[in-house]
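Any value given below was found using the heavy atoms of this structure, including those in side chains, with hydrogens, waters and symmetry copies removed.
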Amino acid sequence: PLIKGGQALTFVVHDAEDPDSPCRVAKILNNPKEDRKARFLREIEVTESFDHPNVVRSLGRGETSSSKWPYFIMPYYERGTLEKNYDKLGTPLERLKMFLAICEGVAYAHGKLLIHRDLKPANIFLADVAVPIVGDFGLCYRADEDSDGRNTQTTEAVGARKYMPPEWREGRDESPQAIGDIYSLGKILYWMFEGRVYDGHEDDH
């Protein structure tokens, strides 16, 4: 697999009947728990609705023949993630332009009342050297959803601890807001220029 996570496996695939078909990524559920399955199906539904040049989009879905576990197909970004391309980010102006595109992708998701909650360089892909794609909406939260329909408890600490705001890290935010993603964007911007995660004492403020 390309990536092996606690919830899913991702594989680089192509159409066996068409040798000239482009490579794609198949993300397959790898956890039998019902809450994880519900969260995975939510990610599929969310990504199917996207239509923005800086946000990942599902190209199709299905079930595996043996386990009947769901999967969905996404574009394959050969350049990999922002995290793996730090030495290729270019000049300060080019970095700022890339960061603006990341912000536009996140703003698009916020416009759909979706809070990403796991923004970090490893979840931003590069379609081209300067075209970032915000991906991995597996932990997203719908701001207009009632508590009975949530697949993640609002008091559950989820996401990348180094990039999330203090209230999310401690599981103290019962209603995640877009401002939490904006905080994470600030951490990403710092990383894009410094090559390391900001390690200030956020809990003191």
Side-chain angles (χ1 to χ4, degrees), residues 1-85 102 105-106 108-109 112-128 131-154 156-161 163 176 181:
L2 184 65
I3 300 174
K4 184 176 182 179
Q7 176 174 288
L9 299 174
T10 57
F11 297 87
V12 178
V13 298
H14 67 89
D15 186 347
E17 298 180 358
D18 182 3
D20 296 323
S21 62
C23 289
R24 304 293 190 191
V25 169
K27 187 170 183 178
I28 305 172
L29 179 68
N30 187 39
N31 194 310
K33 295 181 179 179
E34 283 302 314
D35 63 328
R36 297 301 175 90
K37 182 177 180 180
R39 184 182 294 176
F40 189 79
L41 291 174
R42 157 62 62 78
E43 182 179 4
I44 295 176
E45 293 172 359
V46 163
T47 53
E48 284 178 335
S49 72
F50 288 155
D51 184 18
H52 189 280
N54 300 113
V55 181
V56 72
R57 184 178 183 182
S58 171
L59 303 176
R61 66 158 83 186
E63 292 183 341
T64 57
S65 57
S66 54
S67 65
K68 300 299 181 182
W69 282 359
Y71 69 84
F72 65 103
I73 305 296
M74 300 177 290
Y76 172 55
Y77 302 110
E78 187 174 356
R79 292 181 181 273
T81 66
L82 185 67
E83 181 181 50
K84 294 183 177 180
N85 284 272
I102 295 170
V106 174
Y108 173 81
K112 288 181 169 288
L113 303 181
L114 292 168
I115 314 302
H116 190 287
R117 293 206 296 173
D118 196 17
L119 290 171
K120 57 185 178 181
N123 283 341
I124 298 170
F125 306 96
L126 295 181
D128 198 348
V131 182
I133 306 293
V134 179
D136 201 340
F137 282 78
L139 298 179
C140 72
Y141 166 82
R142 279 200 68 97
D144 64 340
E145 189 172 61
D146 61 50
S147 59
D148 293 335
R150 293 173 184 151
N151 297 316
T152 303
Q153 296 297 318
T154 54
E156 177 184 354
V158 298
R161 293 186 65 84
Y163 287 90
D181 279 348

Roughly how far, to the nearest 0.5 Å, is NZ of K37 from CG of L29?
7.5 Å

Does the pair R39 and L139 meet the rule for a side-chain contact (heavy atoms from CB on, under 4.5 Å), with working shown?
CA-CA 8 Å; R39 184 182 294 176; L139 298 179; 3.4 Å; yes

Between P132 and L126, which heavy-atom pair has the shortest distance, and what is it?
CA-CD2, 4.0 Å

Using a 4.5 Å cut-off on heavy atoms from C-beta on, say whether the side chain of V25 contacts that of Y76.
yes

Minimal non-hydrogen separation, F40 against I28, with atom names:
CZ-C, 3.9 Å

Can you measure from CD1 (I44) to CZ (F137) and round to the nearest 0.5 angstrom?
14.5 Å

Where do C140 and R42 come nearest, in terms of heavy atoms and distance?
SG-CG, 4.5 Å

So, does D181 use its side chain to make a donor-acceptor pair with the main chain of V106 at under 3.5 Å?
no

State the CD1-OG1 distance between I73 and T47, to the nearest 0.5 angstrom.
11.0 Å

Looking at every heavy atom in both C23 and V12, which two are closest together, and how far apart are they?
CB-CG1, 4.0 Å

Pairs satisfying side chain to side chain donor-acceptor pair (under 3.5 Å), at least one member in residues 12-23, at least two apart:
none

Short question: side chain of N54, backbone of I102 - any donor-acceptor pair under 3.5 Å?
no

Between Y71 and L9 (side chain of the first, backbone of the second, donor and acceptor by atom type, cut-off under 3.5 Å), is there such a pair?
no

How about CD on E45, more than 12 heavy atoms from neighbouring residues, nucleotides or ligands closer than 6.0 Å, or not?
yes

I'd like to know if the side chain of T64 and the backbone of W69 have a donor-acceptor N/O pair within less than 3.5 Å.
yes

Looking at every heavy atom in both Y141 and R117, which two are closest together, and how far apart are they?
CB-NE, 3.7 Å

Can you check whether V55 reaches R57 side chain to side chain, under 4.5 Å on heavy atoms?
no

Evaluate the ring planes of F50 and Y108, with Trp represented by its six-membered ring, and classify them as parallel (under 30°), tilted (30 to 60°) or perpendicular (over 60°).
perpendicular

Using a strict threshold of under 4.0 Å (side-chain N to carboxylate O), is an ion pair present between K27 and D136?
yes

Between N123 and V134, is the side-chain contact (heavy atoms from CB on, under 4.5 Å) condition met? List the steps.
CA-CA 6 Å; N123 283 341; V134 179; over 6 Å; no

